[in-house]
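Worksheet: the structure to be examined is printed underneath.
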Amino acid sequence: RPNLAAGDLVYARVTTANRDMDPELSCVDAQGKSSGFGALKGGCVLQCSVGHARALLARPPAPVLAAVGAKLQFELAVGLNGRVWLDSCSCATTVKVANLLQHAQGVAAADVQQWVAAQLQQ
């Protein structure tokens with residue numbers, strides 16, 4: 001059981017959510033392993049549409065994540081509620097990736113590679 005304080009950012013699975021009760025979270029997967037769940041340290045939180053969050057979670061990886069991931073190193077946790085946690089080795093990289101993810105919502109999948117390359121050259 002993680003030791004969390006009020007206001008901590010947590011990547012977890014909602015196991016129970018009722019109107020009359022507090023939600024219950026789980027930081028383990030079906031096999032009982034943490035699998036990346038738990039407290040998120042550092043980074044920043046972005047807000048995007050629920051549709052864009054679902055696109056970022058799609059398999060195979062979203063074209064924008066593949067294109068940006070080929071050029072920059074970063075960590076990402078996407079929630080179905082539209083919240084995106086982003087962390088990287090430098091603030092400049094975090095800001096670049098955040099801007100690319102937020103502005104990529106209107107870019108066609110076929111054009112993403114060229115669009116990301118053009119944005120990173122600016």
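Computed from a prediction, not measured in an experiment: that's the story for all the values here. Both backbone and side-chain heavy atoms feed into the values below; hydrogens, waters and symmetry mates do not.
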Which heavy atom of [X] sits nearest a heavy atom of [Y], and at what distance?
X   : Y    : value
R83 : V45  : CD-CG1, 4.2 Å
F74 : V68  : CE2-CG1, 3.5 Å
A55 : A62  : O-CB, 3.3 Å
A53 : G82  : CB-CA, 3.9 Å
V64 : L100 : CG2-O, 4.4 Å
C48 : V84  : SG-CG2, 3.8 Å

Legend entry - Other residues, nucleotides, ligands: >12 heavy atoms within 6.0 Å of Q114 CD: no

Legend entry - Within 6.0 angstrom of D22 CG, more than 12 heavy atoms from elsewhere: no

I'd like to know if [Y] and [X] are part of one continuous hydrophobic network [Ile/Leu/Val/Met/Phe/Trp/Tyr, side-chain heavy atoms within less than 4.5 Å].
X   : Y    : answer
L25 : L9   : no
V14 : V10  : no
V97 : V112 : yes
V95 : W85  : no
Y11 : L46  : no

Inset, instruction - Give, for atom CG of D87 and atom CD of Q73, the distance between the pair rounded to the nearest 0.5 Å. - result: 12.0 Å

Inset, instruction - Report the distance from atom CD of Q119 to atom NE2 of H103, rounding to the nearest 0.5 Å. - result: 8.0 Å

Inset, instruction - Examine distances only and state if a side-chain atom of D8 and a backbone atom of A5 form a donor-acceptor pair shorter than 3.5 Å. - result: yes

Legend entry - Short side-chain to backbone donor-acceptor contact, T94 and S90, under 3.5 Å: yes

Inset, instruction - Could you please spell out the steps behind the side chain to side chain contact (heavy atoms under 4.5 Å, CB included) verdict for R54 and L80? - result: CA-CA 6 Å; R54 286 187 181 274; L80 289 174; 4.0 Å; yes

Legend entry - Partner set under side chain to side chain contact (heavy atoms under 4.5 Å, CB included) for N18, not counting sequence neighbours: T16, M21

Legend entry - Distance-only polar pair, side chains of T15 and S26, donor-acceptor under 3.5 Å: no

Legend entry - Student check: side-chain heavy atoms of L101 and L76 closer than 4.5 Å: yes

Legend entry - S88/L72 under side chain to side chain contact (heavy atoms under 4.5 Å, CB included): CA gap, chis, key distance, verdict: CA-CA 9 Å; S88 70; L72 302 170; over 6 Å; no

Report, one line per pair, each donor and acceptor closer than 3.5 Å where one atom sits in a side chain of residues 33-44; sequence neighbours left out.
from : atom 1 : to  : atom 2 : distance (Å)
S35  : OG     : D29 : OD2    : 2.6

